[in-house]
Participant: 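Questions regarding the structure given below will be posed in turn.
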Amino acid sequence: MTTLLTFLGRAPRQEGRYRTTCYDFGDGMDAEPTAFFGWPLRRRLGAERLIIMGTSGSMWDHLFDDGVNLPEGDHLRLIQAVEEKRVTPDLLAPLTGPLADHLGCEVHLVLIPYCRTEKEQTDILSIMAHHVQANDRVHIDVTHGFRHLPMLALLAALYLRVARGASIDGIWYGAYDPDTGQAPVHNLIGLLGIADWLQTLNTYDKDGDYGAFAPLLGPAGEQLARAAFLERTNNPVKAREALTGWSSKPDRFPADDPAATLFRRELEQRVAWHKRRDRAAWEGALARQYLDREDYVRAAIFSLESVISAEVLRSGGQVNQYEDRETARDTLKHSAEGFRQLNHLRNALTHGLQAHDGKIERFLLDEIRLKRKLKELGERLGVFYH
């Protein structure tokens, strides 16, 4: 179902009501003069459910100016309540039927607080969610609401997507220019695109899974998701191949998404490890990244593998050859105390085994000491400087 959530405000006392204007949707179609933007927007969207939200002082009486069959006594009581800013839910309840009959859609007239406090701002989100069902296609109109409503509307859109599984198809604002008399209509849905990128960046910085960007990148995102999978299953060689293939695609960022351009540099910086000179450097960069985000298991794994890769390269072996890596591992176990400690830590973290070394056990019981130790071993063994 298509649901339109719109707000009803209050014009300055000297004006008495909203200006009548013809809103321009930019499609060349003529629009009838109207004072309340919710009317032409509902018609354009074909909304089957209309939720009009306002305060106890909003201009509810002006909703019934044009052809709505409303008993005169009810209209007069509403006008008086609006003037005194004391409109109540009980006063609005019997008015929804006549308005729904007039418009030919489901209508709800909903009182909201004035958004003066954090609780009232939170309450508005709850009220909006109450009138949205799972899988609804939702549009939010902020034209006639409080000046800070666009900020709340963006949060509401994000909340409704998560809490109700709704699709947010529009955040609308009808802008009236008193100098020209024109009223262009803007869809601010692009703000949600920016919010999606910010949320995904935050997800990546927390767990390192750049596969989270895939849904934002279209078809090219599938290769990025594969690279992320391979990296997180400790296969940096194949992950690098996938990342190199992705980074060579001219269409790796969708051309029709301005937010993608805005965040392009941020994403490319976060996967730049694959451009380093050799496997030891790739694994060292990954070890440092995972240590910084406190993923100690992967930090230990990539640190250990980086040291092994560096030893294979130093000895002239084949860095991706299993036998050469095992030979390097044995050499390091007998020649580098730091490597032995790192190996014990890696085994304890990866397999969940009780460490036989009392010092190792203490590191596993204290996050600060563990992080400090992994950093110290990484620096001593050259992991972070390959």
Side-chain angles (χ1 to χ4, degrees), residues 190-314 317-322 324-325 374 378 382-386:
L191 295 175
L192 274 187
I194 296 173
D196 288 339
W197 276 91
L198 286 170
Q199 189 173 22
T200 304
L201 277 174
N202 182 63
T203 298
Y204 168 79
D205 287 338
K206 180 178 182 297
D207 61 21
D209 181 9
Y210 46 80
F213 291 100
L216 302 176
L217 297 175
E222 295 178 8
Q223 195 161 1
L224 190 68
R226 174 167 172 75
F229 166 75
L230 292 167
E231 177 192 311
R232 293 169 67 78
T233 52
N234 305 321
N235 192 342
V237 176
K238 292 296 184 181
R240 180 178 180 272
E241 290 178 6
L243 274 179
T244 301
W246 173 79
S247 64
S248 67
K249 288 180 175 291
D251 61 345
R252 62 188 180 278
F253 291 95
D256 59 351
D257 182 2
T261 301
L262 181 65
F263 289 95
R264 177 173 184 154
R265 182 170 176 270
E266 295 294 332
L267 174 54
E268 291 187 332
Q269 282 183 334
R270 284 162 169 77
V271 298
W273 65 266
H274 77 282
K275 296 182 179 180
R276 300 213 173 195
R277 66 181 183 275
D278 54 44
R279 179 168 174 173
W282 313 335
E283 291 164 330
L286 288 170
R288 188 55 188 257
Q289 289 178 18
Y290 282 113
L291 182 59
D292 288 343
R293 65 177 63 99
E294 299 175 346
D295 185 338
Y296 303 117
V297 176
R298 288 191 175 91
I301 290 172
F302 282 116
S303 292
L304 194 77
E305 296 303 318
S306 177
V307 179
I308 293 171
S309 295
E311 175 61 21
V312 174
L313 291 169
R314 186 197 63 77
Q318 296 296 315
V319 74
N320 297 328
Q321 186 69 34
Y322 175 79
D324 289 356
R325 296 186 70 81
L374 286 171
V383 171
F384 305 140
Y385 305 105
H386 291 143

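All values derive from a computational prediction rather than experimental measurement. Residue numbers start at 1 and run along the sequence shown. Keep in mind that the numbers below use all heavy atoms, side chains included, and drop hydrogens, waters and symmetry copies.
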Participant: Going by the salt bridge (charged side-chain N to carboxylate O under 4.0 Å, His left out) test, which pairs reach into residues 296-306, not counting sequence neighbours?
Facilitator: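 Sorted pair list: Asp295-Arg298, Glu305-Arg325, Glu305-Arg329.
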
Participant: What closest approach, in Å, do Tyr210 and Tyr204 show between heavy atoms, and which atom pair accounts for it?
Facilitator: N-CD1, 3.4 Å

Participant: Drop me the distance from Asp256's CG to Thr261's OG1, to the nearest 0.5 angstrom.
Facilitator: 9.5 Å

Participant: Testing the basics here: between Gln289 and Trp273, what is the closest heavy-atom pair and its distance to 0.1 Å?
Facilitator: NE2-CB, 4.1 Å

Participant: Rounded to the nearest 0.5 Å, what separation is found between the CG atom of Leu286 and the CD1 atom of Ile301?
Facilitator: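 Those atoms lie 11.5 Å apart.
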
Participant: What distance separates Leu374 CG from Glu294 CD, expressed to the nearest 0.5 Å?
Facilitator: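 That separation rounds to 11.5 Å.
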
Participant: Restricting to side-chain contact (heavy atoms from CB on, under 4.5 Å), what partner residues turn up for Thr203, sequence neighbours left out?
Facilitator: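 So Thr203 forms a side-chain contact (heavy atoms from CB on, under 4.5 Å) with Asp207, Ala212.
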
Participant: Please name all residues satisfying side-chain contact (heavy atoms from CB on, under 4.5 Å) with Ala287, sequence neighbours left out, ordered by chain then number.
Facilitator: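 Ala287 satisfies side-chain contact (heavy atoms from CB on, under 4.5 Å) with Phe302, Ser303, Val383, Phe384 once adjacent residues are dropped.
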
Participant: What closest approach, in Å, do Gly211 and Ala228 show between heavy atoms, and which atom pair accounts for it?
Facilitator: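 Here Gly211 and Ala228 meet closest at N-CB, 3.3 Å.
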
Participant: Give a yes or no answer on whether the side chain of Asp324 reaches the backbone of Val312 with a donor-acceptor pair at less than 3.5 Å.
Facilitator: no

Participant: Sequence neighbours excluded and cut-off under 3.5 Å, please list the side-chain donor-acceptor pairs for residues 234-244, or say none.
Facilitator:
unit_1: Asn235; atom_1: OD1; unit_2: Lys238; atom_2: N; d: 3.3
unit_1: Arg240; atom_1: NE; unit_2: His274; atom_2: O; d: 2.8
unit_1: Thr244; atom_1: OG1; unit_2: Arg240; atom_2: O; d: 2.8

Participant: Quick one: does Phe213's side chain get under 4.5 Å of Val271's, heavy atoms only?
Facilitator: no

Participant: Does Arg288 have any salt bridge (charged side-chain N to carboxylate O under 4.0 Å, His left out) partners at least two apart in sequence or in another chain, and if so, which?
Facilitator: Asp292

Participant: Passes side-chain contact (heavy atoms from CB on, under 4.5 Å), Asp278 versus Leu313? Steps please.
Facilitator: CA-CA 9 Å; Asp278 54 44; Leu313 291 169; 3.7 Å; yes

Participant: Between side-chain atoms of residues 262-269 and protein atoms elsewhere (two or more places apart, or another chain), which donor-acceptor pairs fall under 3.5 Å?
Facilitator:
unit_1: Glu266; atom_1: OE1; unit_2: Arg270; atom_2: NH1; d: 2.8
unit_1: Glu268; atom_1: OE2; unit_2: Arg252; atom_2: NE; d: 3.1
unit_1: Glu268; atom_1: OE2; unit_2: Arg252; atom_2: NH2; d: 2.9

Participant: Atom CG in Leu198, atom CD1 in Ile194: separation rounded to 0.5 Å?
Facilitator: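 Between atom CG of Leu198 and atom CD1 of Ile194 there are 7.5 Å.
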
Participant: Take a 6.0 Å sphere around CD of Glu222 and say whether it holds more than 12 heavy atoms from other residues, nucleotides or ligands.
Facilitator: no

Participant: Show, in sequence, the C-alpha distance, side-chain angles and deciding distance for Phe229 and Asp209, and conclude whether the side-chain contact (heavy atoms from CB on, under 4.5 Å) test is met.
Facilitator: CA-CA 8 Å; Phe229 166 75; Asp209 181 9; over 6 Å; no

Participant: Give a yes/no verdict on a cation-pi contact between Arg232 and Tyr290, requiring under 6.0 Å between NZ or CZ and the six-membered ring centre and an angle within 45° of the axis.
Facilitator: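 Not satisfied by the 6.0 Å and 45° rule.
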
